[in-house]
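Ligands are counted one by one from 1 in listed order, and the atoms in each one are counted from 1 as well.
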Amino acid sequence: MQNLSLFEDENPQSPLQRARFLVDQLNQWAHAYYVMDSPLVPDSEYDKLYRELTDLEEKYPDLQLPDSPSKRVGGAPLSHFEQVAHRVPMLSLGNAFEPEDVHAFEKRIRDLGDLQADKPIEFAVDPKFDGLAISIHYERGVMVRAITRGDGMTGEEVTANVKTIRNLPLILSSPNPPEFLEVRGEILMYREDFVRMNQRQADAGLKIFANPRNASAGTIRQLDPRIAASRPLRFFCYGAVIDRDQQKKLKTQSALMAWLAQLGLPVSSLSQTAVSASGLLDYYQRIGEQRKNLPFEIDGVVYKVNAFDLQDQLGYVARAPRFAIAHKFPPDEVLTRLINIEVQVGRTGSITPVAKLEPVKVGGVTVSSATLHNLDEIQRKDLRVGDQVLVRRAGDVIPEVLPFEGNVRPEISLPFYMPTACPVCGSALMKEEDGAVLRCTGGFSCRAQLTQSIIHFASRKAMDIEGLGDKIVETLVDKGLISNPADLYKLQFDELVQLERMGEKSVNNLLESIQKSKNATFARFIYGMGIRQVGEATARDLAQHFKTLDALIGATESALLEVNDVGPVVAQSILEFFADTRNLDVLNGLMAAGVVWETEAPVAALDENHPFYGKSFVLTGTLEKLSRDEASALIVAKGGKVIGSVSKKTDFLLAGSAAGSKLQKAEDLGVKILSELEFETLLG
Ligand code: IVH
C-alpha cells in the first residue's frame, strides 16, 4: 500500500480512511483487469465502489487522492501542448528483415563487445508494439509528466491525456519508490476496443480512424482529456531510463522489466529472454505465429542485448543503439479503402469483378487492384465500394481482399451487383451450370475476349510472336485490323506503319516474327487456341496423343478421356470448343494462312485422288454458305493451297458474288473458275 503520510488519519471511520480504502481497492481491481488480464470482480462490483468514491469526493472536494481513479476522467481542454525537451533522447531502432540480418547483428555484437569466445549472448526480447511511443515521468512514485516521442529530442507534453489510460498507474506500487523514474513504452489500442470505438464514432457522426495506431495517436494528440478518457487506450512498457547505480543493481534489461512490473507498470507477458541468433529467430517465429491472435497489433519483435555492461560497450550509431534491433514482420495484412469494383472480361469471356484499391504496400509490393473472383465472394465478404478493407498477400500469391471487421460504412453505401450484359460488347451473359462463373457470350465479337485471346495466342508459350505486345494487340483490335488470330497473318506493312509509335523497322520486325511463328509445334498451337482448362501441359499431352488437328477436332469424349490428365471437365471443355463453328473458322483460317508444325500429319490422311489435292486456289467475292476462311480450311484439309493472287499457275478461282478484278484476270489467263455450288460438288 502507498506511503501517504499526508493523508494518515487515526479515525478508522473517517471519510479519508474510507477514501483511501476505496482507491486502493479500485486500483487493485483495475490492475488485475487491465494489467494482469484477470479480473477479480464483476464490473458491477467495481462500479458500485467507484460510485461510492465519487460521492465521497463530491462531498469532500479536498479529499481527492492523487491516485484516485476518478482522476482519469480527464480535466478541462487545453489550449495547446507544451514542447518539452527529452532528458535523454528517444532513439529509433535499426531494422532486420531476413534471418541473415539477425546473424549479422549477433556477429557485430561479438566483434565489438568484450565477450568470451564461446559464451552465448543473451537477449531481452519483446514484441514491437505498433502504437505511439511515450515517455512517462514519475517523481517519488507519482506520475507527473508524459511526453510524446516527437522528433526524438523534443516532444509534446500530453500528461492530462496519458493520465486517462486505465492500465497505467498514477502512483507506483512501492513503499519507497525511486526519487525519479522515466518509463518508456508504447500507447496502443486493442483491436476489439478500436472496432467498438470506431462504431461509436460513426454513430455520433464523428471521425472514423483507419487503424488502431492512428486512433491512438489521434487521441493522444488532441487537446481534450475527456475525449482521451472516453477512448480505450492502453500502455505497454518496454524500458526505462535508469542511472549507473540502478544499472549496476539490476544488471540486465530483463531484471529491469521485472522491476517495472513490480512497480505496477504494464509489461507484456511476451517480453522474455532468448539466447543467440537461433533463439532470436525462434522467438520471431513463435510471435509471428501468435500475431494474428494477439489482442493488439505488432509489426515485428525487438531484440536487446540483455546485460547493461555489454550494452554500454556497444554504444550507439547515429540515432540507434548498436545493442538493439527491430526484426520486422512482412506486413501481410494492410488496411486500405475499396475505391471501386470494376468488371473485367477475360479471354474466355469470364466476367470477373476486380477491386480497385487505394494503393498500399503489402509485403514490399504496391497493390492497387485485386480480383474479387465472383459475386458470391463479394456477397460472402459483404464488400461495398467505400469500405475499409484488408489486403493480404501471403508469399507470392495474388493479393486477397478481406473484409475489415472494424469497417464503418457510410449510410449511402450500396451492395454491388453484377452487370446483366457484357460491359465491353453488350452481349448477353451466361451463368455456367456448375455455379459461380458468369460469361460473355460474345466470343470474338467481344473486343475484350478478342484482345485477350490474341495476346494469349501470341504469348511466348504459345505462338511466341516477338514484338506483339499487349498494347499493339489492343490497337490492332480497336482499329478493326484483326478480328481473330488468323488475321494476324494478313497484316500488311502499309496498315501497320500508320499506327502510332510503329516505325518501319519495328513493323518489319513484327511482320517477320509473325511469319516466323507460322512454324509452330502442335502443342504450342493447341495451347495458343486458348481452350478453357487446357494449359501448356495438357496441350502437350493432347498433341502427343492425337498427332493431328483433325484427329483432335474429331475426338469423342471417350477418346479424350484416354489422354493423360484429361478428366471429364477438361474433355467437356474441349468438346465445347470444337463444337463452336466460330472456333473452327478461326482454325481453318490459321491453316489457310500457312501455320504448320513438324508432324504435319494431315498429309498422311490426305486422299491424293481428291480433285483439290495439290491444287492452288484463289478466293474472290462473297460466298453464300461459307466464309472465306471456312472455304480456305476445306481446301487445305484436302491437300490444296490457298494463295493471294491469280497467276498462270493458279488451278482454281473460287468466285462468290461481286467478284472483281481477280475474276477478270482468271478469265484472261484461262484459270478454271468455280462457283460455290461447283466447289461443294467437287469437295464431295
Ligand atoms: S526499444 C533505442 N522496444 O519502436 C530505442 N521499442 O524504432 C529503444 N517500439 O518508436 C526502443 N515496441 O516506440 C523498443 N518492445 C519495444 C518496442 C519499441 C515498439 C517502438 C518505439 C520506437 C520504435 C523504435
Side-chain angles (χ1 to χ4, degrees), residues 86-97 101-102 105 108-109 123-136 146-156 158 162 165 167-168 182-190 211-214 216-217 219-221 233-242 247 250 252-258 260-261 265-274 280 283-284 286-288 290-291 294-308 310-329 331:
H86 290 292
R87 294 165 56 253
V88 176
M90 290 185 83
L91 302 176
S92 53
L93 289 169
N95 288 325
F97 296 97
D101 303 335
V102 178
F105 171 60
R108 221 166 29 243
I109 296 165
F123 297 90
V125 293
D126 318 293
K128 188 169 191 301
F129 305 102
D130 195 8
L132 150 97
I134 194 95
S135 155
I136 303 164
I147 312 166
T148 61
R149 181 171 184 275
D151 64 2
M153 305 305 285
T154 307
E156 285 174 331
V158 290
V162 170
I165 300 175
N167 75 336
L168 192 48
E182 178 175 351
V183 174
R184 289 185 175 179
E186 202 89 351
I187 293 172
L188 49 77
M189 254 180 222
Y190 279 13
N211 54 49
R213 178 198 157 100
N214 287 1
S216 306
T219 301
I220 288 296
R221 301 223 307 270
L233 294 172
R234 299 201 183 224
F235 172 81
F236 279 106
C237 184
Y238 55 66
V241 181
I242 54 173
Q247 279 202 12
L250 290 164
T252 62
Q253 168 73 17
S254 51
L256 168 63
M257 296 295 275
L260 294 172
L265 289 157
V267 171
S268 166
S269 59
L270 301 171
S271 291
Q272 294 160 9
T273 58
L280 298 179
Y283 180 74
Y284 178 81
R286 208 149 34 82
I287 300 294
Q290 294 176 44
R291 182 183 183 190
L294 294 179
F296 48 84
E297 298 200 333
I298 62 175
D299 55 347
V301 291
V302 180
Y303 310 139
K304 300 162 192 170
V305 166
N306 203 18
F308 288 134
L310 181 53
Q311 284 193 5
D312 285 345
Q313 288 164 27
L314 295 165
Y316 298 81
V317 265
R319 301 191 57 203
R322 277 207 197 85
F323 57 79
I325 199 164
H327 191 178
K328 295 286 203 68
F329 293 130

Under 3.5 Å: N or O atoms of ligand 1 paired with protein N or O:
residue  : atom   : partner : partner atom : Å
ligand 1 : 3 (N)  : Lys304  : NZ           : 3.0
ligand 1 : 4 (O)  : Lys128  : NZ           : 3.1
ligand 1 : 7 (O)  : Leu93   : N            : 3.1
ligand 1 : 12 (N) : Phe129  : N            : 3.0
ligand 1 : 13 (O) : Glu186  : OE1          : 2.5
ligand 1 : 13 (O) : Tyr238  : OH           : 2.7
ligand 1 : 15 (N) : Asp126  : OD2          : 3.2
ligand 1 : 15 (N) : Pro127  : O            : 3.0

Practice task
Please identify each residue that fulfils salt bridge (Lys or Arg N to Asp or Glu O under 4.0 Å) with Arg184, with sequence neighbours left out.
Solution key: Glu182
Problem - Polar side-chain atom of Gln253 near backbone of Tyr238 as donor-acceptor pair, under 3.5 Å - result: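 Side chain of Gln253 to backbone of Tyr238: a pair is present.
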Handout entry: Option passing ring-ring contact (aromatic ring centres under 6.0 Å, His included) with Tyr284 (candidates Phe329, Phe123, Tyr303)
Key =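 Single pass found, and it is Phe329.
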Handout entry: Any side-chain heavy-atom pair of Arg221 and Val158 under 4.5 Å
Key =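 Answer no - side chains too far apart.
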Practice task
Return the set of residues passing side chain to side chain donor-acceptor pair (under 3.5 Å) with Ser271 (not counting sequence neighbours), or none when no residue passes.
Solution key: Asp126
Completion exercise
The side chain to side chain donor-acceptor pair (under 3.5 Å) partners of Arg213 (sequence neighbours excluded) come to Asp130
